[in-house]
2 protein chains.
Amino acid sequence: MARRKDHSREELKELILSAAWDIIASGGVSKLTAREIGKKIGYVPGTIYNIFPSMEVLQLHVNARTLKLLAEKLGKVTEKGRGTPLEARLIGLARAYLAFAQTYRPFWMALFANDLTDLKQTQSWYGQAIEEVFLPLETILREECPDNPSVREDSHILWSSVHGITYLWATGKMPPAKESHVKKTSSAGKKAEWERMVTRLVGVFCAA
Amino acid sequence: MARRKDHSREELKELILSAAWDIIASGGVSKLTAREIGKKIGYVPGTIYNIFPSMEVLQLHVNARTLKLLAEKLGKVTEKGRGTPLEARLIGLARAYLAFAQTYRPFWMALFANDLTDLKQTQSWYGQAIEEVFLPLETILREECPDNPSVREDSHILWSSVHGITYLWATGKMPPAKESHVKKTSSAGKKAEWERMVTRLVGVFCAA
DNA sequence: ACTTTATATTGAACGTTGTTCATTATTTTT
DNA sequence: AAAAATAATGAACAACGTTCAATATAAAGT
């Protein structure tokens, strides 16, 4: 045993992160353990510590992948919407965010699980990944409202708001709408609630 | 040993939750363990399982306390602001939320750490605790905009938005404002960023 | 008052986790 | 071919949530 494989440091890093991705995809972030990764890639858990200093840092790298994927999806939607009215573009972007949160739920949840606030500040590349998630909205606002001097801050406000609505809604931390025009049980009805909220938010925001 | 103490089930529950509170206050939610609670209250960890079925449920009860405390603070601010203009009241409420998030940070973070989404739906009392956090804003909107037919949903939208801004901002998930009118390093400057964002959000919202 | 039943608490155990590190196996350099 | 450097291992550690038979105490029955 103790057979030294032909994996460069970079290949091993890729192997580990890829395995981590699969684990989260099939079992959620709570199943992401050093031993489970080791089992998947045919290494012993300790090997991971040759590449990553801790599981927390590894998690941060997975999160960076999630953010990158999200940024890509948002970027595509943004491009495709070019030429359509502002409000439609914003709602389309928000919809893309919701779709991502639902499709990649375990990864999306992992972005907010655990408190990696301190850690993030030591890993500067992470800030760039965040930046790129916010960028598509900023781009739209720049294109559609070229004379707005506070585009950047506005984009942060609107994006954070959409996130807040989506997060509380998707994690069940939002009180149910009392209105009866939604069947509370049906998931289509539930999604309609989100849709109305975001549409209204964007509408209000565009009016200003 | 094995001395049976004079603590009713209710007293014990209170002891446990109170100890849990202290532990989180001084060391963050990651220090909240059955063994640590046991040490604090002079019981063995297993005793906790006579009262709570799991540490997750215990955490949910702590969260309910946090929400209750938050709701109280928001309620007070709401009452005190009665008679002042709408926009000032909304901003005051948002400020109170930020103050809470900062003062009780470990507790506030615990509300969003871990995924208790499934669990929450089995514990119906938790929904009520959430409801009461949203209530103050709904009250304000009802008082100030009595002829708005969608007050409830509007309050959800605005509150979620404020939360989204505060959350991303406080956890370092917001990209820095490029504008130079803030010294990025000073915490006063940082807070000013939050202040501007929320003020603008509320302003935009009120205009509609 | 004594015995029996019920209950509260314990202590030890199990399986799992992140993490460390001396040892071993392999590659690279001399 | 020997020596130095590196990669991977396996075993160990402490701490975690959780379970449960054993035990000590209180309450109930006689």
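In what follows, every chain begins at residue 1, and chains take the letters A, B, ... in the order their sequences are listed. None of the values given here were measured: they were computed from a predicted structure.
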Can you check the A:Tyr49 OH to D:dA8 P distance for me, whole Å?
17 Å
Using whole Å, what does the distance between atom C1' of nucleotide C:dG18 and atom CD1 of A:Ile16 come to?
15 Å
Looking at B:Glu153 and A:Arg200, is any side-chain nitrogen of the basic one under 4.0 Å from a carboxylate oxygen of the acidic one?
no
Over 60° means perpendicular and under 30° means parallel, so classify the ring planes of A:Trp194 and A:Trp169, tilted if in between.
tilted
Nearest whole angstrom, please: distance from the C1' of D:dA8 to the CG of A:Leu15.
14 Å
Could you check how far NE2 of A:His7 sits from C1' of C:dT26, rounded to whole Å?
16 Å
Which pairs count as salt bridge (charged side-chain N to carboxylate O under 4.0 Å, His left out) when at least one residue sits in residues 93-107 of chain B, sequence neighbours excluded?
A:Asp115-B:Arg105, B:Arg95-B:Glu195
Using a cut-off of strictly less than 4.0 Å between a heavy atom of the residue and any atom of DNA chain D, enumerate the qualifying residues of residues 27-39 of chain B by number.
B:Leu32, B:Thr33, B:Ala34, B:Arg35
How about A:His163 and A:Phe134: are their ring centres within less than 6.0 Å of each other?
no
In whole angstroms, the gap separating P of D:dG10 from OH of A:Tyr43 amounts to 13 Å
Should the pair B:Lys39-B:Glu36 be classified as a salt bridge under the 4.0 Å nitrogen-to-oxygen rule?
yes
Round to the nearest Å and state the distance from B:Ile48 atom CD1 to D:dT18 atom P.
10 Å
In chain order, what residues pass the salt bridge (Lys or Arg N to Asp or Glu O under 4.0 Å) check against B:Glu138, with sequence neighbours excluded?
B:Arg142, B:Arg152
Go through C:dT10, D:dA8, D:dT18 for me and flag the one nearest to the A:Leu12 side chain.
D:dA8
Short side-chain N/O contact from B:Thr47 to OP1 or OP2 of C:dA8, under 4.0 Å:
no
One thing to verify: whether A:Arg65 and A:Glu14 come together as a salt bridge, which I'm taking to mean a side-chain N less than 4.0 angstrom from a carboxylate O.
yes
Listed partners of B:Tyr126 passing ring-ring contact (aromatic ring centres under 6.0 Å, His included), at least two apart:
none
Between residues 50-60 of chain B and DNA chain D, which residues have a heavy-atom gap below 4.0 Å?
B:Ser54, B:Met55
Between atom CG in A:Asn114 and atom C1' in C:dG18, what is the gap in whole Å?
13 Å
Pairs where residues 15-35 of chain A contributes a residue and the test ring pair (Phe, Tyr, Trp, His ring centres under 6.0 Å) is met, not counting sequence neighbours:
A:Trp21-A:Phe107
